[in-house]
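The structure appears below as structure tokens.
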Protein chains: 2
Amino acid sequence: MSKDAATPLRRPMRADARRNLDKIVAAAGAVIAERGAEASLEEVARRAGVGSATLHRHFPSRQALLEAVFKDRVETLCAKADDLLADPEADPGQALATWLHAVAAHAVANRGLGSSLMRDADPALGETCHDMITTAGDALLARARAAGAVRPGVTVTRLLKLVGAIALATERDADGPAEAELLLRLAIDGVRTR
Amino acid sequence: MSKDAATPLRRPMRADARRNLDKIVAAAGAVIAERGAEASLEEVARRAGVGSATLHRHFPSRQALLEAVFKDRVETLCAKADDLLADPEADPGQALATWLHAVAAHAVANRGLGSSLMRDADPALGETCHDMITTAGDALLARARAAGAVRPGVTVTRLLKLVGAIALATERDADGPAEAELLLRLAIDGVRTR
DNA sequence: TTGTTAAACGGGGTGGTCCTCCATATCGTA
DNA sequence: TACGATATGGAGGACCACCCCGTTTAACAA
């Protein structure tokens, strides 16, 4: 969940408003994951336990909601990277692998969301998110590399491209997530030093 | 307009059915060009002067209608290439340029149609259309090359990529068509021998 | 704690969409 | 011309986005 207000420069939101906003984003994430980016907003409001008017007040357009969901997922992913990084006991290579699986799950859950967003999203959004993910991943990769757990030539960019490609390739499949999981496992084994 | 039935293996369509089908495809082309691929089917039927039930009988899904529009546009483009090729008086270089402008217009008019189709279109459709356009363009290019009107190294594939890139780059722009026209003019001048 | 006020809420209405049913009109043919 | 097969389109059901506005609630000051 995002921790700062949607509009950080305004006066702070009322507590109930923020609560509802978070509930809406969470519900939208779930609904979009199972119905795709064209899901009914009414259904999102219903599942969030919120009136449809409230949803429309917080997100004046479907696009706005989609962007919020996307941003939220990216933030969750970055937070996960930080968590993994903060644990000094963890095996660096395993931590990286775990995170990549999370990224893949994110990419698969987004389904058409990415391309729907790209149709006419705020161009800065994509840029920002890309940077956030790259930076978060880089830290994990650096530690894994320092521990000698990855082959030379492996970069964050390449890892992310790999994950993205797998997600894209399995997107249209009946059981995409399972197939993606399998491919990713293979790919990660290829990345590891033996 | 397409000349053969949508289902060439069935018994021939009744004349009024074919007439309505053509009206629907034409109307859909216009509506999609101005409202995008998510345009209202009701509006398409209205503009075609046809009941909505008729539209739904001919095209059981939005996807089916989109595919028909796309196919129709490609066919129009190929027919245009044939026309240009058939005129022995024409300047070969100019004919090629004219056709490329038509292709660009087609690409711009399609807007999100391409990506909407690619989401889950019959994969064979894209392949077939690509081949059709490439073949049609190749003939025009060959004649232009024989007349010494194009530089060496120019291939249909490259020309089409050029046009596609220009369309894509100007798609999001406010006045995309005008900008695309300008860029294309520059690009074509670059292709010509001086 | 209590009172005041601005902010947020959500039920319900409006207008639009997709899609289907079926009585009617039209085509192709004998 | 007459007939059967085929195509048509208006009406209606289910659903949806979006908005109006009376009601509730959080925030803050006394």
Contact class for B:Ser40 (heavy atom, under 4.0 Å): base, sugar-phosphate, or nothing?
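Counting heavy atoms under 4.0 Å across all strands, the contact made by B:Ser40 is with sugar-phosphate only.
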Problem - A:Glu43: partners by salt bridge (charged side-chain N to carboxylate O under 4.0 Å, His left out), with sequence neighbours left out - result: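 With sequence neighbours excluded, A:Glu43 shows a salt bridge (charged side-chain N to carboxylate O under 4.0 Å, His left out) to A:Arg35, A:Arg46, A:Arg47, given in chain and number order.
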How close or far is atom [atom2] of [N] from atom [atom1] of [X], stated in whole angstroms?
{"X": "B:His56", "N": "D:dG10", "atom1": "NE2", "atom2": "C1'", "result": "13 Å"}
{"X": "B:Phe59", "N": "C:dC18", "atom1": "CZ", "atom2": "P", "result": "15 Å"}
{"X": "B:Ile24", "N": "D:dA7", "atom1": "CD1", "atom2": "P", "result": "13 Å"}
{"X": "B:Leu55", "N": "C:dC21", "atom1": "CG", "atom2": "C1'", "result": "17 Å"}
{"X": "A:Glu38", "N": "D:dA17", "atom1": "CD", "atom2": "P", "result": "11 Å"}
{"X": "A:Glu43", "N": "D:dA14", "atom1": "CD", "atom2": "C1'", "result": "15 Å"}
{"X": "A:Asp22", "N": "C:dA8", "atom1": "CG", "atom2": "C1'", "result": "15 Å"}
{"X": "A:Arg35", "N": "D:dC15", "atom1": "CZ", "atom2": "P", "result": "12 Å"}

Let me know, please, whether A:Glu42 or A:Ala17 comes out on the 5' side of the other along DNA chain C by nearest nucleotide.
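With A:Glu42 and A:Ala17 compared, the 5'-side residue is A:Ala17.
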| message | Pick the closest DNA chain C nucleotide for A:Ser52 and for B:Leu41 by heavy atoms, then say which residue is nearer the 5' end. | response |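 Final value for this comparison: A:Ser52.
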Query - A:Trp99 side chain vs A:Asp82 backbone, donor-acceptor pair below 3.5 Å - result: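 Checking the backbone N and O of A:Asp82 against the side chain of A:Trp99, no donor-acceptor pair under 3.5 Å is found.
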With sequence neighbours left out, write down each residue that passes side-chain contact (heavy atoms from CB on, under 4.5 Å) with [X], or none if nothing qualifies.
{"X": "A:Ala17", "value": "A:Met13, A:Arg14, A:His58"}
{"X": "B:Thr157", "value": "B:Thr155, B:Lys161"}
{"X": "B:Ala187", "value": "B:Leu162, B:Ile166"}

Exercise. Would you please confirm or rule out a distance under 4.0 Å between OP1 or OP2 of D:dA7 and any side-chain N or O of B:Thr54?
Key: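 It does not, given that no N or O in the side chain of B:Thr54 lies less than 4.0 Å from OP1 or OP2 of D:dA7.
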Handout entry: Any A:Asn20 side-chain N or O less than 4.0 Å from OP1/OP2 of C:dA8
Key =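 For C:dA8, neither OP1 nor OP2 has a side-chain N or O of A:Asn20 closer than 4.0 Å.
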Next on the checklist: Quick test of your reading: applying salt bridge (charged side-chain N to carboxylate O under 4.0 Å, His left out), list the pairs with at least one residue in residues 128-144 of chain A, sequence neighbours left out, ordered by first then second residue.
Outcome noted: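 Output for this query is empty, none listed.
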In 5'-to-3' order, the base (B), backbone-only (S) or no-contact (-) status of each nucleotide in nucleotides 22-30 of chain C, using a 4.0 angstrom heavy-atom cut-off, is ----BSS--
### Query
What nucleotide, of D:dC20, C:dC18, D:dC16, holds the atom closest to the side chain of A:Arg46?
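The listed nucleotide nearest to A:Arg46's side chain is D:dC16.
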ask   = Any Lys/Arg nitrogen of B:Lys71 or B:Glu67 sitting under 4.0 Å from an Asp/Glu carboxylate oxygen of the other?
value =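 No.
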